[in-house]
Amino acid sequence: QVQLVESGGGLVQPGGSLRLSCAASGFPLDYYSIGWFRQTPGKEREGVSCINSKSGRTHIADSVKGRFTISADNAKNTVYLQMDSLKPEDTAVYYCAADPLIRCTVVTDITGIKSYDYDYWGQGTQVTVSS
């Protein structure tokens, strides 16, 4: 049974940092693509970052490029999203998602990360950036 559990969210001041974790179980991480998404009330879910754990290929959305970094620890079956220089507009519920197909490719750099490409989702973790 595929399961994803996010953690690491919380309240942080502008300019601060958080590291989100996505703990995966029920499948080998290095055979899946993992994506991070975020959503605020009334808005569509936005793709933030993705990684193909086996190849190490990653994509970062323009809105967070230079501030967010994605990484994977296949031994721990966990994907991380390091978020630095946080801004109030980063406030959202952050979700990780998994798919057994290779979703994070060179095409992603053109099309962006699409939520409909991912079959399995975590429950989300709240990130609030406020002074």
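Note that the numbering runs from 1 along the sequence shown for the chain.
A side-chain donor-acceptor contact under 3.5 Å links Asn77 to the backbone of Leu29. Side-chain N or O atoms of Arg103 include one that pairs as donor or acceptor with a backbone N or O of Asp117 at under 3.5 Å. Put simply, the side chain of Asp119 never gets that close to the backbone of Asp99: no donor and acceptor are under 3.5 Å apart.
The OH atom of Tyr120 lies 10.0 Å from the CG atom of Leu4; values are rounded to the nearest 0.5 Å. In this structure, Met83 CE and Arg19 CZ are separated by 11.5 Å, a value rounded to the nearest 0.5 Å. Rounding to the nearest 0.5 angstrom, the gap separating the CG atom in Leu86 from the CD atom in Glu89 is 10.0 Å. Summarising the geometry, atom OG belonging to Ser55 is positioned 10.5 Å from atom CG belonging to Asp30; distances are rounded to the nearest 0.5 Å. Going from atom OG of Ser53 over to atom CD1 of Ile70 covers 8.0 Å, rounded to the nearest 0.5 Å. Atom OG1 in Thr105 sits 8.5 Å away from atom CD1 in Ile110 (nearest 0.5 Å).
Residues Ile60 and Tyr94 are members of one and the same hydrophobic cluster, defined by side-chain heavy-atom contacts under 4.5 angstrom among Ile, Leu, Val, Met, Phe, Trp and Tyr. Leu18 and Phe68 fall within the same hydrophobic cluster, where Ile, Leu, Val, Met, Phe, Trp and Tyr residues are linked whenever their side-chain heavy atoms come under 4.5 Å apart, directly or through other members. Hydrophobic clustering keeps Ile34 apart from Ile113 (ILVMFWY residues linked when any side-chain heavy atoms are closer than 4.5 Å, directly or through intermediates). Hydrophobic clustering keeps Tyr31 apart from Leu101 (ILVMFWY residues linked when any side-chain heavy atoms are closer than 4.5 Å, directly or through intermediates).
Every residue two or more places apart in sequence or in another chain that forms a ring pair (Phe, Tyr, Trp, His ring centres under 6.0 Å) with Phe27 is listed here: Tyr32.
The two residues Cys104 and Ser33 make their nearest non-hydrogen contact at N-OG, 3.8 Å. A pairwise comparison of heavy atoms in Thr40 and Ala92 identifies CG2-CB, 3.6 Å as the closest pair. Between Val93 and Gln126, the closest heavy-atom pair is CG2-OE1, 3.2 Å.
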Worked check of side-chain contact (heavy atoms from CB on, under 4.5 Å) between Cys96 and Val79: CA-CA 9 Å; Cys96 69; Val79 173; over 6 Å; no
Just do the side-chain contact (heavy atoms from CB on, under 4.5 Å) check on Val12 and Ser17 with the steps written out, would you? CA-CA 7 Å; Val12 63; Ser17 298; over 6 Å; no
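Ring geometry, Tyr95 versus Trp121: the interplanar angle exceeds 60°, so the pair is classed perpendicular (tilted spans 30 to 60°).
Side-chain atoms of Ser115 and Phe37, non-hydrogen and from C-beta on, do get closer than 4.5 Å to each other. Side-chain contact between Arg67 and Asp90 is present, with at least one heavy-atom pair separated by less than 4.5 Å. Between Leu20 and Glu6, every side-chain heavy-atom pair lies at or beyond the 4.5 Å cut-off. When side chains are defined from C-beta on, Thr91 does not count as touching Arg38, because their heavy atoms never get closer than 4.5 Å. Residues Val64 and Ser49 form no side-chain contact, since every pair of their non-hydrogen atoms from C-beta on lies 4.5 Å or further apart.
When Thr108, Asn52, Asp109 are each tested for a side chain to side chain donor-acceptor pair (under 3.5 Å) with His59, only one passes: Asp109.
Within 6.0 Å of the CD1 atom in Ile102, the count of heavy atoms belonging to other residues, nucleotides or ligands does not exceed 12.
In summary, Lys65 and Asp62 engage in a salt bridge, as defined by a charged side-chain N under 4.0 Å from a carboxylate O.
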